[in-house]
Each structure stands twice: as structure tokens, then as C-alpha cells.
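Numbers for residues simply follow the sequence, beginning at 1. As a basis for the values below, the full set of heavy atoms in this structure was taken, side chains included, without hydrogen atoms, waters or symmetry mates.
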Amino acid sequence: MADSSKKMQIVFASAECAPFVKTGGLGDVAGSLPAALVRAGAEVIVMVPKYATIKDEYKAQMEHFSDFYVSLGWRNEYCGLEKLEHDGVTYMFIDNERYFARDYPYGFFDDGERFAFFSKAITESLQHLPAGFECDILHCNDWQTALAPVFLREFYQGLPLYDRVKTVFSIHNVAFQGQFSDTVMEDILGVAHIPAAASQLRCDACSINYMLGALRYADAITTVSPTYANEIQTPEFGEGLDGVLRERSYALQGILNGIDVAGFDPATDKRIAANYTVEDRPGKAVCKAKLQEELGLEVRDDRPLMVMVTRLTRQKGMDLVMYALDRILAGGVQVAVLGTGDRDYEDGLRYFRDKYPGTMAARIEFDPALSQRMYAAADMFLMPSKFEPCGLSQIIAMRYGTLPIVRETGGLKDTVQPYNEFTGEGTGFSFSNFNGDEMGDAVFRAARLFWDNRDAWNQLVTQAMSQDFSWTRSADKYLDLYFFMHPEIERPAAVVDEPVVVAEKVEAEPEPKAESVVEAPAAAEEPKAEEKPAAKPAAKKTTTRKTTTKKATTTKAAASKTTTAKATTAKAATTRKRTTAAVKKAAEAEVVPEVKAETAAAEVKPAAKAPAKTAAKKTTASKSTTKTPATKKATATKATATKAAAKPAAKVEETPAESKAEATVEAKPAAKTTSRKRTTTAKKTMAKTATPKAETKPAAAKEEPKAEVKAKPTPKAAEVKAAPKAEAKPEPAKETPVSPATPAEEKAPTKKTSVRKATATRKRR
């Protein structure tokens, strides 16, 4: 039983979290996703190290919540929990000055020990949380928290408080894995004496890998985009972990990141020169002019301005930029780059800045305020990454109406839809291979659109700004995962409805395939189903579709119908006799074989009023094949109201056209009574030509099973009516050898021949 009173309680652990400490995308995720989860109805506690670099204004708001000691190898280290409420989210800062009172989060010789302590402190803290908070999900991020699932399993599993905890590990960049000497296994981690842990952490003869441990111990693994989830399972992108990721692919999924749409909003952003919206964009032109002036570029609105805000590394595609920059600048595109990184790239950018004054600007620094002005002012944003797990810059650029030019990898491929010049669709431009010429071509595709078709360009900007990249969508997917891991917790009603909708869609799809969407209701009400074909003779295929739909809806009733079939066998026999005379008359009057098939089908179904229907069908047949089913159905409708056996008869109408498989389809949806009627009618036809009526009855009983076997083609029966010639094709092989006079005699000996003969006779009519 699902617990409707309990909320999903999540501990979210990360080495950085905006706005307290941030060095990259991980900080943005940890700063935004928990808040979105809280808005969706979950309870979240975020655990972050208490770095010395956290602003004093935040430290002043912290209150000491708890303290305890954490065992780390042979050590016992102090751990304090400092609590802070911010924007509806509870933050717990792990306090240990020996490890975290430093001027930068990473990059120290003892990082292996520092973050092993952080991981152990996270697991130990689960028993020191606020009253009423029992952790359901421990969500760890990147290698700095990767040992938490390992410690949880090896040191805490079996304790009542930890039994319900499920672990999720998110990979933000598989290139950073936390590899250290295997000496830390005993000295720091204290797991050298545990064979399972020691073997699963080891990545080679003398090293261990923190991320490898999480990939093997976590209950679920996520990464930041669907494409990246596939890429890291290949040797090219897996960074040596592709093997274990393929092994655990069943537990791996990609969930796209979002952005803080309130913080990145051109309509309210106070950091930019002028505000604007997707509907009213004059402010963007003002931002562009101001930035050109600020960076020393020519102030011209007729030249596209392309910017980069990035780390200057090979991973970010700087090799391609250095290769193509000369061509781009010479072609009339203004370029501005902001960032720091490898010295070679920094020097290269300075060279091009000096070579193309007024066209090229390079700011080799880190300036968040300037980056915001560049997002808002530019026309294009270049991001040619070699690999990119998700990437937020291209999303922010689109939010500000700056069209991204990206390489199709990871999250860049998932978030940017390339422009289609024929349909106008798209939100940016892209290229496939890590190639400088391809990148240059993509830049000039964008530039030419800017110069030659400003209307199309503006429409593209509108489409980019209209995209939904809020965290709400991402949080919902994470909640799908959390609730899947804890089915005993009831999901809030607003979210629980989604799976139901999906299920309905899945069921509805097969019906369209059967071409019975409109007829689905008709399956329950046979009269309606018959009336539709009558009104639209051309849609004879609907009859068959209807049969298919009926099949689906009456599967459960098949058993009960079987019982009814036995009860109506006697009635069927009587109607067979009556129909025999009518069939003979019809056979004499009918000449066209295709029309005969239709009339035969119609007669078999309304067996009770065979004579009247026969006459009507004869006239219909002479006029057009399509009209025949209409009249048949009208008559059948009346018959249905008169007797309970009428329903089976109506179904018989749909199937007899192709005696081969008609029986099976109808046997299930209509009732076995119908199939018996059909078979008996068929035998009556046999009786007409050669066999006595007495034999017809037993034959009907014997043929019933065969009728079911032939049921599948029922759909074709309807098609035969709509296109008699096409329908006749499958049967000709069997019916051609039979002549109008002899078929009954030849078929009489066996059940199959009798059915075939019946079909042939109908066709003659």
C-alpha cells in the first residue's frame, strides 16, 4: 500500500552549490534542482562542504545544528552540521576546517582524503537530520561524493535507519573521476580488508577510482543529457569507464539539465543594458551597441556579433576556433571571447585581437557580469565542444535570443535544433564532426541568414527564446526515478496522473492501426457500427476495422459468448433452412462474382429475414457493390431489435465476405453463435446444390472451430466490399476451380469445401 501521508525525502549531496560556491555547471545544478524538487512536493536537504570562500552574509545566517565524529581509516574527524534555510530549501554545511577552510574548493594534494571525509560525513549525517526527516533517496553528484554509496553499503547496510535509503549517482563529467593511489584504500577509506569493496574500487594494479565505486554500488545512475548517456558507453567518450557503464546500462539514464529561468530573464535582468522580451526586442539592439562600444568593436548593427563565454581548453573546441578564426574575422563577422584557460589559446586570442582591431575582442579574465551582457548583446553564441555532457551556456544564450552554433554532441545536440531553411524550424545552427572547416561553414550559414533574410532570422530568434528549459521539467523526470525506486510512497495527485495518460495513449494507438478509431464505440453498439458503413458506402474497410475493434473489446466476453453460441445453435439451424431457398434465388439472379460475395455475406448475417434482404441485395448488387452493405446493415439493424440473435448476424455480415478467416474474428467479438450461423448458412448453401438439410446441422457444428481459424481475415471481408476485385484475389485461387453449378457438390464432402462453396455461391449472387 502506498503511503499517501509521507513525502519523498531526499538528501542531495554536492561539492559545490550556487549561490554559496560555484566553479562550473555542477554548482548551477545543485543550486536549482533541489528548489524545483521542493516546488514539486518533495522534502530536500542539500549537503555541501562549508568552504572558507562562502560569503560572510551566508555564514551569518547559519545555525549550528549538530556535531559528531566521523571515522576515516584510523582517524576520528570532527564534523559539524550548520543549517541554513534559503529559498525554501534546507542546506546542511559539513564543517571541518582542516579539510575545507581553504581558498578554493579543489586542486589540493589531499583531495582524495578531503572528499573521502565528505562522503563519509554525508552517510553518517543521515542519523543526525531534523526530526521527522528519514532519508528515502541519497542523491550524490560527481566523484567528490562517489564514495557515499560505497560507505553506505559496506558500513551502514542493515541498520534500521539506512534500510530504506536508495542511492542515485549523477555523472556531470565522466572525465573527472577521482583517481588516487591504492594506499588510501586502507589508510583513509578503511576498506582494504573488505574484498568486494577493494576489488570494485580498483581501476589498475596500483590505483583506485572513486567514481568507479559509485557506478558499481549506486542503485541508479544518471547523467545530464540523453545523448551523453549513450556517448559515455563508448570508448571514445567513456574515459575508461565505458565497460562498467555498458554493464549497468539498465540502471543508467540521461536527464537534461535546466536553467534558472527567473535569474536568466532578459525582461527583468538588471545586469544588462536594456530589457526586452520575445515579443518586444528593441532592447537587444541597445545591448548590442553598448557591448560593441565597451569592447572596442565597430558599433554596427549590420554585422553579426558572435561571442564565446568559456574555459579556454581543447574540450571546449578551442582548437577549431584557432583554426577557423582568421577566416571568420576576414569574412565580416565580429567575434568577442571571454574566459581563461590554456596559455596557448590565450595568446592566440590576443594575436587575433591585434590583427583585427574593431572586429575581434578578447577578454582573458573571469567576469560574470560581462558574460551576462555578452549573452544579451550577441547575435550568435559559438560552442564547438569536443564533448559536452549538457552545457548551460547554449541554453542561456537561447533564453536571451542569441542563436547558438554548436557541435552535435551530448547536451548540445539535445538542446539545439538545427535550422531548416525549407521549413523554418530550428533554434540554432550545428555541425557534426570535430572539424574546423565544418565549424566555419556553420558560422557562415548563420551569418548569411543574418545578412540575407532578416525575417527568417527574427523568426528563429523567436523560436529559440520560446523554448522551455526550466528546472520544473527536469525535476519531474528525477521524481519519476525516485518514486520508481520507492513505490510504497504515493506520488502527489498532480503527477500521478501522468502515467495513466501514457497508458491510455498506448492502448489507443493499436486501434488507429486497425483503422477503427471512429468505430471503437461501435464495437459496443453494433447498430451504430452498421449505420456508419451504410451512410458512407466507400468506407467499407471500416466494417473490417470495426470487427477488429470488437475483437479487442470483447476478448473478455469470448467465454460467455461461447455459452450463448450453444444456446443459439438451434436458431441458427432454423435460419439456415430459411436462408437456403433465398440463397438459391440469389445465386440465380446474381452474375458478378464480386457482388455475389457481398450479397452472400449480407444474407448470412440477417438469416432471420433472408428473403427480404436477398431482394434488396440483388438490386443493390446490380447498382453498386458499396450500396449492398448499406441495405444489408439497415435490414440487419431491424433484425437485431427483433431477436437477440440479431447481433451475431450483424457480425456475420462483416466476416462472410472471406469465409477463410471470417469465422475466427467474429467468433471472438460477436459470439460463437455467429460463427455457427455462418457455418450453418454455408452448409445450407451446400445443401442447396447437393446435400440434404439434415446434414447441414451437423456440418455447422463441425465447422464452428474452423470458422474461428478463418476469423483473422475478417478485416479483408470489409475490404472486399469496398474493392471487390482486390478482395477476390485471395479467394480466386480457391474458388476459381469451382463452377457455378458444381461447387456445392465438390465441397460437400469436407468442412473446408463447404465453406468455400458457400463463399462461391455468395459471389455468384
Side-chain angles (χ1 to χ4, degrees), residues 13-31 46-55 58-59 72-73 75 77 79 93-122 140-148 169-185 187-189 201 203 206-214 224 239-241 309-316 318 338-346 364-368 371 385-389 392:
S14 173
E16 56 185 82
C17 175
F20 311 107
V21 57
K22 172 190 167 183
T23 64
L26 174 59
D28 291 315
V29 174
V46 181
M47 290 193 173
V48 192
K50 185 183 177 183
Y51 297 109
T53 53
I54 295 175
K55 292 181 179 179
Y58 295 123
K59 289 181 180 177
L72 196 66
R75 309 162 187 75
E77 294 288 346
C79 176
F93 292 88
I94 304 294
D95 181 26
N96 181 301
E97 293 192 356
R98 189 163 84 82
Y99 289 133
F100 303 128
R102 308 187 187 187
D103 57 2
Y104 197 75
Y106 322 118
F108 299 96
F109 75 96
D110 60 345
D111 277 357
E113 181 178 342
R114 296 172 66 224
F115 291 105
F117 167 79
F118 181 44
S119 296
K120 191 71 174 290
I122 291 167
C140 302
N141 296 269
D142 269 354
W143 73 266
Q144 295 90 347
T145 60
L147 290 177
F169 180 70
S170 290
I171 302 170
H172 296 266
N173 191 334
V174 76
F176 303 105
Q177 302 172 4
Q179 295 187 24
F180 302 96
S181 166
D182 62 356
T183 57
V184 306
M185 197 138 44
D187 184 56
I188 295 172
L189 310 187
L201 283 169
C203 58
C206 58
S207 304
I208 65 169
N209 186 315
Y210 286 11
M211 183 177 285
L212 180 61
V224 291
E239 300 288 344
L241 296 180
V309 177
T310 183
R311 285 183 288 110
L312 306 180
T313 64
R314 175 174 168 76
Q315 186 241 315
K316 292 298 182 179
M318 289 307 298
L338 171 66
T340 60
D342 296 349
R343 181 62 180 271
D344 289 345
Y345 299 131
E346 293 180 352
I364 311 303
E365 59 182 302
F366 178 70
D367 187 340
S371 69
S385 303
K386 185 174 179 61
F387 66 90
E388 193 66 56
L392 298 179

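In this structure, Val48 and Ile54 have side chains that are not in contact, with every pair of non-hydrogen atoms separated by 4.5 Å or more. The shortest side-chain heavy-atom distance between Leu72 and Ile188 falls under the 4.5 Å cut-off. At a threshold of 4.5 Å between non-hydrogen side-chain atoms, the residues Leu26 and Ser14 count as touching. Contact of the Leu338 side chain with the Glu365 side chain is registered, since non-hydrogen atoms from C-beta on lie closer than 4.5 Å. For the pair Leu241 and Asn209, the minimum side-chain heavy-atom distance is below 4.5 Å.
Put simply, the side chain of Ser119 gets close to the backbone of Gln144: a donor and an acceptor are under 3.5 Å apart. No donor-acceptor pair under 3.5 Å is formed between the side chain of Asp110 and the backbone N or O of Glu113. A donor-acceptor pair is defined here as one N or O able to donate and one able to accept, closer than 3.5 Å; such a pair exists between the side chain of Thr145 and the backbone of Asn141. Remark: the backbone N or O of Gly112 is paired with a side-chain donor or acceptor of Tyr210 at under 3.5 angstrom. At least one donor-acceptor pair closer than 3.5 Å links the side chain of Asn173 to the backbone N or O of Ala175. Counting only distance, with no hydrogens or angles, the side chain of Gln177 and the backbone of Trp143 share no donor-acceptor pair below 3.5 Å. In this structure, Arg114 contributes its side chain and Arg98 its backbone to no donor-acceptor pair below 3.5 Å. The closest donor-acceptor contact from the side chain of Glu346 to the backbone of Gly341 lies under 3.5 Å.
Atom CG of Leu201 and atom CG of Leu212 lie 7.0 Å apart (nearest 0.5 Å).
Between Phe93 and Tyr58, the ring centre distance reaches or exceeds 6.0 Å.
A salt bridge does not link Lys50 to Glu97: none of the charged side-chain nitrogens sits closer than 4.0 Å to a carboxylate oxygen.
In this model, no donor atom of one side chain and acceptor atom of the other lie less than 3.5 Å apart for Tyr51 and Glu16.
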Requested in this report: Could you walk me through whether Lys316 and Glu388 pass side-chain contact (heavy atoms from CB on, under 4.5 Å), step by step?
Outcome: CA-CA 8 Å; Lys316 292 298 182 179; Glu388 193 66 56; 3.0 Å; yes
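Here the shortest heavy-atom pairing between Phe169 and Asp142 reads CE1-O, 3.2 Å.
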